[in-house]
Structure formats: C-alpha cells, structure tokens
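To start, the structure under review is shown below, and the notes come after it.
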Protein chains: 2
Amino acid sequence: MDASERTAPGVKSATRTVELLDFFARQGGMYSLTEIQQELGYPKSSLYALLRTLVQLGWVETDPTGTLYRIGMRALLVGASYIDGDPVVGMAHETLDWLAEVTGETVHFGRLDDHDVVYLSSRPSRHNLRPVIRVGRRVPTHSTSLGKALLADHPDPALPKKLERQTERTITDHDGLRAELRRIRERGHAIDREENTPGVCCFGVALRLQRPARDAISVSIPAIRLNEVREREISALLLQARERIEYAAYHLIHP
Amino acid sequence: MDASERTAPGVKSATRTVELLDFFARQGGMYSLTEIQQELGYPKSSLYALLRTLVQLGWVETDPTGTLYRIGMRALLVGASYIDGDPVVGMAHETLDWLAEVTGETVHFGRLDDHDVVYLSSRPSRHNLRPVIRVGRRVPTHSTSLGKALLADHPDPALPKKLERQTERTITDHDGLRAELRRIRERGHAIDREENTPGVCCFGVALRLQRPARDAISVSIPAIRLNEVREREISALLLQARERIEYAAYHLIHP
DNA sequence: AGCCAGTGTTCGCATATATGAACAAGACCT
DNA sequence: AGGTCTTGTTCATATATGCGAACACTGGCT
C-alpha cells in the first residue's frame, strides 16, 4: 500500500500469461524456451510451467518436437470478438464500405490506445489485390493521419516521450508535432505525407462521438496517384463519411 | 501423479485467464462480476482480482462505472498474428484469391481444432456486399463441408459424442455420418447441402499437406443459385485450387 | 571417445495467490 | 425512512505457484 507498490500489477501469473501472448503476437513465428526467457526475463522454470499450461489449453502450440512454441488457434477467436461486439465499428460498417467504394482506396477505422492507434476495421483498395489483414495492428499516433487526427482533437494530448522516426518525413520533435496539430485543427482533417510508410499518403478525421475523440477513419493513397484535385476530392468524401457515421450514432442514441 | 490428477491442468491462474478471455470471446457484450462468476464458477474474490489485473493491462475493459466488463483492445492483436505467422495460410493466399475470383463465391480456409473447424482466411463473394469478419470463428465438423472433408481424410476420425442439429438437414447420427464420409472419399470432395446454415451450400476438400489432413478449403453458395452444371464447375475449380496449394507447398519444402 | 556448452525438465522450499467470510454500497421494495 | 436484497470490495490465512539449483539430453568440437 505504500508508494513503492509500482511493482505489483496484480495477479502475477495472469500478467505473464497475457504478456506471453503479447510477445507471440508482436513477434510472430516460433520461439524456444530460452529465446522467450531472454526476451521476457522470467525464470526458465516458471516460463516452462506457463507454456505447458497454455499448450494444453490450445492457446500456444508447439512444433512436433515440442520444443518450439508459437501462438495457438484458440487465441484467434478472441480478437474477432472485440470487433464484433463494438457498437461504433458496427455503425461505421456501411459508411466504410461506401467510402471505400467512392474513393476506390484503402479505408481504415482506428481507435486510440495509449500512444498507438489500433486498426479495428479496414477495406482494401480496389488496386490492392491482396486484402492484407491489418485488423488488430498498431501504428504510432505521431506519424499517421488517424493518430494525428485523434491527437489534434484532444485539448491536451499526451504525446509519446520519443517520436520514433518511421520515414524521412516523420515529424520527430514535439514542437513540430504541436504546430502540425494546430494546422490540423484549422484545416479540419489530418494528412500524413509518407510520414509512416514511404510512398503512402493518408487523410484522416477523428469521429466526434465522445470528447476527446477515441475513434478515427482514414483513406490511404499511393503518393504517386495523388494530386491537388484528388486531394480535395478525398478530403471532401472523408468529411462526408464522418457526417454519416456521426449521424448514425446520434440516431442510435436518440431513437 | 496418480490417476486422480485430472483436476490439475497446470498453472491455475493462467488457465483462468484464458478461460476468461474465451468466455468474453464466445459471448461478446459486457458482463458484471456476478454474471461471469455464475458462468465460470470461480470464487467472486478471485475473479475480482483477475479482472482488475486484466483491466490494468488493457486486455479487459470496463464501462465508465467500472462495473461491467468486456474484452479489451490488446486482445485484438493476438488473433491476427496467428494467421500472419502461418506458412500454409500464406501459401494458400494467392490461390484463395484466384478461387474467389473465378467462382465469384465465398471462399474459406479452415483448420481442424478438436471437433470444430476454425476459419483462418476467407474471401467474400462478389454478391455479398459486406465482408463479414469470419476469421477466428468456429464451425462444427459434422455439418460443414470443411469439417466433413477433414473427417473423411482421417483413417479413424474422432466424431463428437453428440452431433448437434444445426438445420433440418444436419446429419445427426454417427452411422449416417460415417456413410457420408465414405461417399466423400469416393466422390473426392465434401458437400454440405444446407446442413449448417439454411439456404447455404458448401463444397470442400482437405489439403493433403500432412496425414491426417488438418487444413481444408471450401466454396459457399446460396442454394438458390445452385444447379448441376454449377455444381460440377465449382467442384472442378475447387480441386484445381487444391492442386495449386499442394503444388506451392511441395515447392516450398523442396526448393 | 570424451568433453563442453547449451537447452529442456524436475523438485523442494519461500512466496504470492486463492478463497470464504465479513464489510460496504446501492437499488428496490413497503 | 427503514429494511432487505443484491452486488462490489477488502482481508487474513490455507494453498498453489514461482524460483533457484540440480539433473538429463543433445549436438558440436577437439
């Protein structure tokens, strides 16, 4: 109960369980006991017991030799259900379809979590043959249109300590980012000009369903296909999409 | 170590952690402490500590009052990574795209897990506007083409004790199912004629990447759009898709 | 062959957690 | 208001778990 209690996050073994799952999720691939041990720093024997338990439950799988571990199938179900159960994602569904349809570009729905934005829903662009699963992926706030739109909506946004460089155009200083957020508030939408991924520009707006906003939508475009006309077109459609979702939300709350 | 050790699945608190996540995933929605307590049967106080721990870690979220719990955003990431890290799903990707393209129908990739098949990847049909997230969902083996194809490939398949009725056409007796599996082996592919979902027929084949097979692919069609010609067409394309995937797998193993 | 380094596995004790019972806080009656 | 449920929260102790150290295997090296 004293101030030194920062080391007590609760049930230790539950914490480790999800940290382990998180590790697998971040890294992907298969790892040996010692590799995981080195990464997470738990004692070998504790980790061993934990892994065996999770293997037995199907949340972790091993290779035939039983010595390499990876995430198991039971973990799959969990992710999908967060999205299925979310009313906002549900409401936005049709509008995201529409936005993808009229722009022909990749559309994302993202939610703020700490200093990241988590993709909750997305529509592949018509040009992108392969519909990559991006749901559940995390991207930084400071280098993405989704993230910057959400930061700009916050009266006193908590910026990450260090703004990690993603590309040569990433804004990496706090003053620059604050100036950018001001521009976004004036302009009404956020733009990411290859600040997170080379060759990709994004336009994003925060959904004002609660203050400060937690959800945002964006349209991503290959930089090559971008020009002033297209830019105006995209931002207009994006704002229209926001209206639609906010309208739907309003009528859900006040039937 | 004696025979009565059936009650010791390992680290208790880890088991409960994933059981809790599983509960949220299955049920969706928000639940109070007592509701969860009644469902899972853990002592109130233990559950309380567990929930608080997971809330603090972002794996469980509460409503503003802090009294209703639901699954948290961090759980999202985990599911996606299972699929991203799987070599077979990766290999099948292009072929699934192709199969969806040439049939115009919904295509699924599924993997056996106990008495269920888990969807690992899917392509929406051209007629189905809304690309529903089905990845991670579980369907029974005995009432789906994916499941029956996988059972048929097994020399001595472990049939579920009780074959749950899904529709009026579901095969619910073991003898009937065994006969059906024999027919599938003779025919070369599995058919589900509205046995799992009214109005939906599916064609499925197991991928022979290991024996017994663990993965399968299927094409789903609205029963209305089905006729003998289309049926032959679909099964031919399905078998072709299987060849492609098996071919790709072979060349991945023997470069 | 024998050694060595690295890895997975087991075991007994110190420590953290699980638990039932008691307490607090509302909600809903009458 | 007062009483009576129901539900969330805290606490002390029995109990399960975490831990270091020892053991067992394996493969590579000399």
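Note that the structure is predicted; figures quoted are calculated from it, not measured. Each chain gets a letter, A, B and so on, in the order its sequence line appears, and its residues count up from 1.
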Review point. Are the side chain of A/Asp63 and the backbone of A/Leu68 linked by a donor-acceptor contact shorter than 3.5 Å?
Key: yes

Check your understanding: Is there a side-chain contact between A/Thr141 and A/Leu150 (heavy atoms, below 4.5 Å)?
Key -> no

**Study point:** A/Arg52 CZ - D/dG18 P separation (whole Å)
**Key:** 15 Å

Check your understanding: Has A/Ser13 got a side-chain N or O lying under 4.0 Å from the OP1 or OP2 atom of D/dT17?
Key -> no

Exercise for review: Return the 5'-most residue of the pair A/Tyr69, B/Arg16 with respect to DNA chain C, ranking by each residue's nearest nucleotide.
Suggested key: A/Tyr69

Check your understanding: Salt bridge check: are A/Arg111 and A/Asp86 linked by an N-O gap of less than 4.0 Å?
Key -> yes

Exercise for review: Return the 5'-most residue of the pair A/Lys12, B/Gly66 with respect to DNA chain D, ranking by each residue's nearest nucleotide.
Suggested key: B/Gly66

Point to revise | Donor-acceptor pair present, A/Ser45 side chain and D/dG18 base, under 3.5 Å | key: no

Review point. So, B/His108 side chain and B/Ala216 main chain: donor-acceptor pair closer than 3.5 Å or not?
Key: no

Exercise for review: Keeping the roles fixed (side chain from A/Tyr42, backbone from A/Glu39), state whether a donor-acceptor pair exists under 3.5 Å.
Suggested key: no

Exercise for review: Return the residues of residues 23-41 of chain A meeting this criterion: a heavy atom under 4.0 Å from some atom of DNA chain C. Order them by number, or give none.
Suggested key: A/Ser32, A/Leu33, A/Thr34

**Study point:** Whole-Å gap separating C1' (C/dA16) and OH (A/Tyr42)
**Key:** 16 Å

Practice item. Please state how far atom CG in B/Leu50 lies from atom P in C/dA16, giving the value in whole angstrom units. Key: 19 Å

Check your understanding: Does the base of D/dG8 carry an N or O that pairs as donor and acceptor with the side chain of B/Lys44 under 3.5 Å?
Key -> yes

Practice item. Verify the contact: side-chain N or O of B/Tyr48 to OP1 or OP2 of D/dG8, cut-off strictly under 4.0 Å; return yes or no. Key: no

Review point. What is the distance from CG of A/Leu68 to C1' of C/dG8, rounded to the nearest Å?
Key: 12 Å

Check your understanding: Whole Å only: how far is the CG atom of B/Asp63 from the P atom of D/dT7?
Key -> 16 Å

Review point. With a 4.5 Å limit on heavy-atom distance, are the side chains of A/Leu209 and A/Glu246 in contact?
Key: yes

Revision key, fill the gap. Only residue of A/Arg208, A/Arg185, A/Lys148, A/Arg211 satisfying salt bridge (charged side-chain N to carboxylate O under 4.0 Å, His left out) with A/Asp153 is A/Arg211

Point to revise | Sugar-phosphate, base or nothing in reach of B/Ser46, heavy atoms under 4.0 Å | key: base

